[in-house]
Engineer: 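Input: one structure, supplied below.
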Amino acid sequence: MGVAMESSDELTNLLKRAAAGDAAAAQELFARHRDRLKRMVHLRLSRRLQGRVDDSDVVQEAFLDCSRRLQEYTADPKLPFYLWLRHMTTLKLAEIHRRHLG
């Protein structure tokens with residue numbers, strides 16, 4: 001099932017399960033958006049870092065942050081889930097730029 005075709009009920013169920021600690025549900029949520037986020041990171045990653053930092057590593061680090069904050073998100077979702085993931089990934093990318101480029 002594609003991202004555009006996922007039902008709201010299915011997404012809500014996955015979010016609840018993931019927030020309750022279901023690792024498989026969290027993996028499913030993140031897997032649905034991994035390729036799209038990886039393309040975004042690739043486009044925004046500084047050319048000076050492209051040999052040192054892998055797009056997949058940035059996305060994986062962002063997913064780890066998201067996993068830690070999933071309960072916080074589900075308690076008060078101010079953005080649609082994908083937009084929240086994209087925002088969190090953008091923050092992680094900025095952190096990596098600062099870490100490597102000063």
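What's counted below: heavy atoms across the whole structure, side chains too, no hydrogens, waters or symmetry copies.
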Engineer: Please find the pair of heavy atoms, one from Met88 and one from Cys66, that lie closest to each other, and give the distance.
Structural biologist: CB-SG, 3.5 Å
Engineer: Are the charged groups of Lys38 and Asp35 less than 4.0 angstrom apart, N to O?
Structural biologist: no
Engineer: For Glu28, does the CD atom have more than 12 heavy-atom neighbours from other residues, nucleotides or ligands under 6.0 Å away?
Structural biologist: yes
Engineer: Taking all heavy atoms of Ala25 and all of Ala18, pick out the closest pair and write down the distance.
Structural biologist: CB-N, 3.8 Å
Engineer: How about Arg34 and Phe63: do any of their side-chain heavy atoms sit closer than 4.5 Å?
Structural biologist: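 Touching, per the 4.5 Å side-chain cut-off.
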Engineer: Just how far is it from atom CG of Leu11 to atom CG of Leu29, taken to the nearest 0.5 Å?
Structural biologist: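 If we round to the nearest 0.5 Å, Leu11:CG and Leu29:CG are 6.5 Å apart.
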Engineer: Name the one of Gln60, Gln50, His42 that satisfies side chain to side chain donor-acceptor pair (under 3.5 Å) with Asp55?
Structural biologist: His42
Engineer: Report the relative orientation of the aromatic rings in His33 and Tyr82; use parallel for angles under 30°, tilted for 30 to 60°, perpendicular for over 60°.
Structural biologist: tilted
Engineer: Are any of the side-chain heavy atoms of Asp76 and Lys78 separated by less than 4.5 Å?
Structural biologist: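 Asp76 reaches Lys78 side chain to side chain.
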Engineer: Would you check if Arg69 and Trp84 make a side-chain contact, meaning some heavy-atom pair closer than 4.5 Å?
Structural biologist: yes
Engineer: Between atom CG of Leu70 and atom CZ of Arg17, what is the distance when rounded to the nearest 0.5 Å?
Structural biologist: 12.0 Å
Engineer: Would you check if Thr74 and Lys16 make a side-chain contact, meaning some heavy-atom pair closer than 4.5 Å?
Structural biologist: no
Engineer: Find the distance between CG (Leu37) and OG (Ser56) and round it off to the nearest 0.5 Å.
Structural biologist: 11.0 Å
Engineer: I need the minimum non-hydrogen distance between Thr89 and Met40, along with the two atoms involved.
Structural biologist: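 Looking at all heavy atoms of both residues, the shortest contact is CG2-CE, 3.6 Å.
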Engineer: Should the heavy atoms of other residues, nucleotides or ligands under 6.0 Å from NE2 of His87 be counted, would the total exceed 12?
Structural biologist: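 Not more than 12 within 6.0 Å, no.
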Engineer: Are the charged groups of Arg99 and Glu61 less than 4.0 angstrom apart, N to O?
Structural biologist: yes
Engineer: To the nearest 0.5 Å, what is the distance between CZ (Phe30) and CG (Leu64)?
Structural biologist: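 If we round to the nearest 0.5 Å, Phe30:CZ and Leu64:CG are 8.5 Å apart.
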Engineer: Counting distance only, does the side-chain N/O of Tyr73 pair as donor-acceptor with the main-chain N or O of Ser67 below 3.5 Å?
Structural biologist: no
Engineer: Leu101 and Val58: same hydrophobic cluster, using ILVMFWY side-chain contacts below 4.5 Å?
Structural biologist: yes
Engineer: Are the side chains of His97 and Leu45 in contact, using a 4.5 Å heavy-atom criterion?
Structural biologist: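 Yes - at least one pair of side-chain heavy atoms lies under 4.5 Å apart.
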Engineer: Just verifying a value: how many Å separate Asn13 CG and Ser8 OG, rounded to the nearest 0.5 Å?
Structural biologist: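 So the CG of Asn13 and the OG of Ser8 are separated by 11.0 Å.
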Engineer: Determine, for Arg98 against Glu95, whether the closest basic-nitrogen to carboxylate-oxygen distance falls under 4.0 angstrom.
Structural biologist: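 The answer is no: the pair does not qualify as a salt bridge.
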Engineer: From Thr90 OG1 over to Leu85 CG, what is the distance, rounded to the nearest 0.5 angstrom?
Structural biologist: 10.5 Å
